[in-house]
Amino acid sequence: MKKKTLALTMAMALVLSLAACGNSNADVATESTAAATTEAATEAATTEAATEASTEAAEAVADEKSEGVMTYEEYMAADLDSEVVIEAYVQAKQSWWEDKATLYTQDQDGAYFIYNAACSEEDYAKLVPGTKIKVTGYKTEWSGEVEIAEGATFEIEEGSYIAPVTDVTDLLGTDDLINYQNQFVAFKGMTVEAAGQDADGNDVAFLYNWDGSGEDGNDLYFNVSLNGQTYTFTVESYLCDNTTDVYNAVKNLKIGDTVDMEGFLYWYEGVNPHITSVTVK
């Protein structure tokens with residue numbers, strides 16, 4: 001919460017022909033200044049309280065669940081292959097084809113990866129970031145990734161929420177990182193390492209596909225390190241194709257660059273962050 005600082009300055013030019021008159025005017029001026037300061041402080045406090053109340057109310061609305069809808073904790077505790085009903089907010093659209101949509105969604109408590117939900121092209125266009133949806137489907141796990149599986153259905157509801165980015169740099173290499181699965185996260189101060197070698201045997205900063213077998217337009221894979229440990233990151237072409245800033249930023253990376261990144265923490269066969277923003281420091 002940003003605090004407002006109020007400064008009140010009063011300049012008084014008084015002609016003191018009589019000492020008694022000068023004292024009287026000074027007293028009046030002091031009282032006026034004190035009153036103005038008190039009024040300004042009260043107004044600032046009232047504004048701050050109103051802003052804080054408004055923010056808390058917005059968060060409460062964003063986190064409110066309809067009857068029969070699971071909380072994130074209940075969803076994570078549910079058995080695999082059981083039917084789940086959740087409400088969440090679209091953060092990014094991964095792909096659409098053959099009337100199926102794959103989405104990154106999130107609420108105040110966690111994130112839900114929605115895989116191949118039934119979705120018309122018309123409805124897909126409506127799923128802008130922040131859109132609230134109610135999803136019914138079956139919870140499943142694929143190579144470590146917990147998701148709501150193909151065949152899920154959804155309804156668009158009233159409400160909007162964009163999740164703030166969470167810095168999880170310090171959690172890399174720890175078991176706690178999985179608690180942020182599919183959330184929008186940040187990694188800061190990472191060093192670009194060689195991802196592999198080109199046809200001439202030279203070290204390169206990225207590969208098309210994990211093994212370098214692809215071409216421009218395919219997924220990009222690159223390695224970054226922190227505190228002596230190296231991690232693989234991905235720019236997924238379904239989410240960020242080769243016309244996006246992040247795709248081209250990775251293509252311009254140089255080994256040794258220090259970068260900050262943002263994206264979604266996907267968990268396919270271990271941590272596999274899908275990056276949507278890269279800034280070279």
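Residues F233 and L220 fail the side-chain proximity criterion, which asks for heavy atoms closer than 4.5 Å. T105 places none of its side-chain heavy atoms less than 4.5 Å from the side chain of Y89. Between T140 and Y115 there is no side-chain heavy-atom pair separated by less than 4.5 Å. Using a 4.5 Å heavy-atom cutoff, the side chains of L177 and V168 are in contact. Using a 4.5 Å cut-off on side-chain heavy atoms (C-beta onward), L239 and S237 make no contact. By the 4.5 Å heavy-atom criterion applied to side chains, K134 and V69 are counted as neighbours. Between V224 and M261 there is a side-chain heavy-atom pair separated by less than 4.5 Å. Looking at heavy atoms from C-beta onward, V90 lies in side-chain contact with I133 at the 4.5 angstrom threshold.
Taking a 6.0 Å sphere around OH of Y208, one finds it holds more than 12 heavy atoms contributed by other residues, nucleotides or ligands. Within a 6.0 Å sphere centred on CG of D211, heavy atoms belonging to other residues, nucleotides or ligands number more than 12. Within 6.0 Å of the CG atom in D203, the count of heavy atoms belonging to other residues, nucleotides or ligands exceeds 12. More than 12 heavy-atom neighbours from other residues, nucleotides or ligands sit within 6.0 angstrom of NZ on K251. Other residues, nucleotides and ligands place no more than 12 heavy atoms under 6.0 Å from the CG atom of D170.
In this structure, the side chain of Q183 does not engage the main chain of L265 through any donor-acceptor pair within 3.5 Å. E150 places no side-chain N or O within donor-acceptor distance of the main-chain N or O of A117, the cut-off being under 3.5 Å. For the pair N209 (side chain) and S213 (backbone), a donor-acceptor distance under 3.5 Å is absent. Under the 3.5 Å distance criterion, the side-chain polar atoms of K139 are matched with a main-chain donor or acceptor of A78. When atom types are taken as modelled, the side chain of N218 and the backbone of E215 share a donor-acceptor pair closer than 3.5 angstrom. Side chain of T71 to main chain of E74: a donor-acceptor pair is present (N/O by atom type, distance under 3.5 Å, no hydrogens or angles). Side-chain atoms of Y247 come within 3.5 Å of backbone N or O of G217 as a donor-acceptor pair. Looking at D260, its side chain does come within 3.5 Å of a backbone N or O of G189 through a donor-acceptor pair. Using a distance-only test at 3.5 Å, with no hydrogens or angles considered, no donor-acceptor pair links the side chain of K93 to the main chain of V128. A donor-acceptor pair under 3.5 Å links the side-chain atoms of D107 to the main chain of D109, judged by distance alone.
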Checklist entry - When you look at Q91 and I162, which way does the side chain to side chain contact (heavy atoms under 4.5 Å, CB included) test go after all the steps? => result CA-CA 7 Å; Q91 304 300 301; I162 299 294; 4.0 Å; yes
Checklist entry - Between V259 and T279, is a side chain to side chain contact (heavy atoms under 4.5 Å, CB included) present by the stated rule, with each step listed? => result CA-CA 5 Å; V259 294; T279 302; over 6 Å; no
Item to check | Stepwise side chain to side chain contact (heavy atoms under 4.5 Å, CB included) check, E145 with Q181 | outcome: CA-CA 8 Å; E145 174 66 24; Q181 182 176 138; 3.5 Å; yes
Next on the checklist: Quick one, E262 with V185, criterion side chain to side chain contact (heavy atoms under 4.5 Å, CB included). Give me CA distance, side-chain angles, the key distance, then yes/no.
Outcome noted: CA-CA 6 Å; E262 294 181 353; V185 298; over 6 Å; no
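Between N182 and F264, the shortest heavy-atom contact is O-CD2, 3.6 Å. For T136 against E83, the heavy-atom pair with the smallest separation is CG2-OE2, 3.7 Å. Taking each heavy atom of D167 and A186 in turn, the nearest pair found is OD1-O, 3.4 Å. Summarising the geometry of A101 relative to Y124, their closest heavy-atom pair is CB-CD1, 3.7 Å, with the distance given to 0.1 Å. Across every non-hydrogen atom of A205 and L253, the tightest pair is CB-O, 3.5 Å. The heavy-atom pair separating G68 from V85 by the smallest distance is O-CB, 4.0 Å.
For the 3.5 Å distance criterion, the side chains of T234 and N272 qualify, holding a donor opposite an acceptor. A side-chain N or O of T232 and one of N223 form a donor-acceptor pair less than 3.5 Å apart. For the residue pair N242 / D216, a side-chain donor-acceptor distance below 3.5 Å is found, with atom types taken as modelled. In the model, E87 has a side-chain atom that pairs as donor or acceptor with a side-chain atom of S66 under 3.5 Å. Checking D241 against T243 by side-chain atom types alone, a donor-acceptor pair falls below 3.5 Å.
Contacts of W97 classified as ring pair (Phe, Tyr, Trp, His ring centres under 6.0 Å), with partners at least two apart in sequence or in another chain: Y238.
Hydrophobic clustering keeps Y180 apart from Y75 (ILVMFWY residues linked when any side-chain heavy atoms are closer than 4.5 Å, directly or through intermediates). At a threshold of 4.5 Å between side-chain heavy atoms, the hydrophobic network of Ile, Leu, Val, Met, Phe, Trp and Tyr places I114 and Y138 in two separate groups. At a threshold of 4.5 Å between side-chain heavy atoms, the hydrophobic network of Ile, Leu, Val, Met, Phe, Trp and Tyr places V192 and L172 in one connected group. Taken together through direct or relayed side-chain contacts under 4.5 Å among Ile, Leu, Val, Met, Phe, Trp and Tyr, W267 and Y112 form parts of separate hydrophobic clusters. Hydrophobic clustering places V135 together with V146 (ILVMFWY residues linked when any side-chain heavy atoms are closer than 4.5 Å, directly or through intermediates).
Note that K132 lies outside the cation-pi zone of Y161, set by a 6.0 Å cut-off to the ring centre and a 45° limit from the axis.
Between S95 atom OG and N116 atom CG the span is 6.5 Å, to the nearest 0.5 Å. In this structure, the separation between CG on L127 and SG on C119 is 5.5 Å, given to the nearest 0.5 Å. To the nearest 0.5 angstrom, T258 atom OG1 is 10.5 Å from M190 atom CE. Distance check, rounded to the nearest 0.5 Å: CD of Q108 to NZ of K65 gives 9.0 Å.
Checked against a 6.0 Å centroid threshold, the rings of F187 and Y231 do not count as neighbours. Between Y221 and F206, the distance from one ring center to the other does not fall under 6.0 angstrom. Here the two rings, on F113 and Y104, have centers that are under 6.0 Å apart.
Between D257 and K281 no salt bridge is recorded (no basic side-chain N to carboxylate O distance below 4.0 Å).
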